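What follows is one structure encoded as structure tokens, with my remarks underneath.
Since we're looking at a predicted model, the values are computed, not measured. Numbers here are sequence positions counted from 1. Both ligands and their constituent atoms are indexed starting at 1 by order of listing.
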Amino acid sequence: MKLHELTIHQARSLLKSGEISALELTTAAIDRILQVDNEVKAYLTLTPEQALEQARQADARWDAGEDIPLLGIPLAIKDVICTEGIPTTCGSKILENFIPPYSATVIERLRAAGAVILGKTNTDEFAMGSSTENSAYFTTHNPWDLSRVPGGSSGGSAAAIAADECLGALGSDTGGSVRQPAALCGVVGIKPTYGRVSRYGLVAFASSLDQIGSFGKDVTDCALLLSVISGYDPRDSTSVNRPVPDYQAALLPDVRGMRLGVPREYFIEGMQPEVETAVRAAIDLLAEMGAEIVDISLPHTEHALPVYYIIAPAEASANLARYDGVKYGFSFPDATDVWDAYRKTRQYGFGAEVKRRIMLGTYALSAGYYDAYYLKAQQVRTLIKQDFDRAFELCDVIVCPTAPTTAFKIGEKADDPLQMYLSDVFTLSASLAGLPGLSLPCGFDGEGLPIGLQIMGQTFDEPTVLRVAYAYEQATDWHTRTPTL
Ligand code: GLN
């Protein structure tokens, strides 16, 4: 096995035993990037010198007898997470030359755990999208079929994992942006409970929904990364002060007696039949393994999409007001006066989807419409949350598809926002309810494209979500398959 193909936990034990060095591992990851990223295009920025230096430091610390969770492990970071001294563009022209003067809390935590940062991965502009086609720079290609999208908005991170261009990665998920690309790229991704991971230094899209999540080649890696980034942060008032459970200890290959809820609203007309078949087969397997399958209903599911597309743009329109060309980022150079400067900076700095969201959100928040749209959407959001509360009286986790289709062709949905929005129809509800959700591979379609199984849990019950995922993964070998590049 080549070094870049290792999982984090495999690499860790080889580093610990001294069989490999962090420098060798990081060099292998960088070589792999140089070999395949001209086709995959997962990275916006590479930081090889810093990475090699961090690897050397990691080797010195291993030699000194230190053993911390990610010592010498090369990772990729979605480019919406601030990294001190390293460009953070959010996939937008408006932040093309932005170099943050500070790092996000999650970056500090990764570095404190010894991680090596390889670079920043591509994303839809400000994480608005489901394919990375909204990146102002380029589209990332799905390693399983380069003519297809990797999903989004964290498509760069998911593709980087699938192509073995890093061992683990961080993404952000506002309505599905970790889980959906994980599904489309055949990797594991978890969006934790809202408040579990600090958002300090995550460039804001929709503040009541945004969460940082982790990607791995398997459930164990995903859990390991999650345990490093989780925890209270006084710099994020929405982070919750509550102990972080031992996620590794939750990884038991046993689902006997567990109640898995299967929501009837998540098997809909229009979804790809092979997705339904694979997900139903996964549920059958979990039943054979001793889980109890419970039919449940989440009756307000059909409202999740319209509710999300009021609330997320409303919050985005407020959050993105800060890009005025004055404080940082792109500034239109030849403005005639201050209003012209604001207008042109935003006209040339933002792409079409971001402008669409700002307009939708501004409209939904404007006097006279606020009650009809924003307030109403918040009320329906509560109903969606209550659906889950009721469902979790009957089951321990909810299992369903992550996305209605496998990876679609680049360009196929780019001009049809509604079709694009529908790729998140199964992930939006957990975001609106603030619940944890994980996607892991559960099969392939006839074209050889990966299919994702979504497991949603109760608030702060990541351990049960991870346990069901781990048990399923242990019983199958989907996660061991890799694309040929
Ligand atoms: N695709 C959804 C959107 O465009 C979700 C994106 C995300 O989770 N960041 O808003």
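Sorted by first then second residue, the salt bridge (charged side-chain N to carboxylate O under 4.0 Å, His left out) pairs that include residues 188-208, not counting sequence neighbours, are Arg199-Asp236. The list of salt bridge (charged side-chain N to carboxylate O under 4.0 Å, His left out) pairs with a residue in residues 125-147, not counting sequence neighbours, reads Asp145-Arg148.
Between Phe350 and Tyr323, the ring planes are perpendicular. Angles over 60° get that label, and only those under 30° would be called parallel.
For the pair Glu108 and Arg235, the salt-bridge criterion is met [side-chain N within less than 4.0 Å of a carboxylate O].
Every side chain to side chain contact (heavy atoms under 4.5 Å, CB included) that Tyr369 has, sequence neighbours left out, goes to Tyr363, Ser366, Tyr373.
Listed as neighbours of ligand 1 are Ala127, Met128, Gly129, Ser130, Ser153, Asp173, Thr174, Gly175, Gly176, Ser177, Phe205, Tyr308, Tyr309, Arg357, Asp424, each bearing a heavy atom under 4.0 Å from the ligand.
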Apply the test ring-ring contact (aromatic ring centres under 6.0 Å, His included) to residues Tyr421 and Tyr308: give CA-CA distance (whole Å), side-chain angles for both, the deciding distance (0.1 Å), then the verdict. CA-CA 10 Å; Tyr421 296 174; Tyr308 175 87; 8.3 Å; no
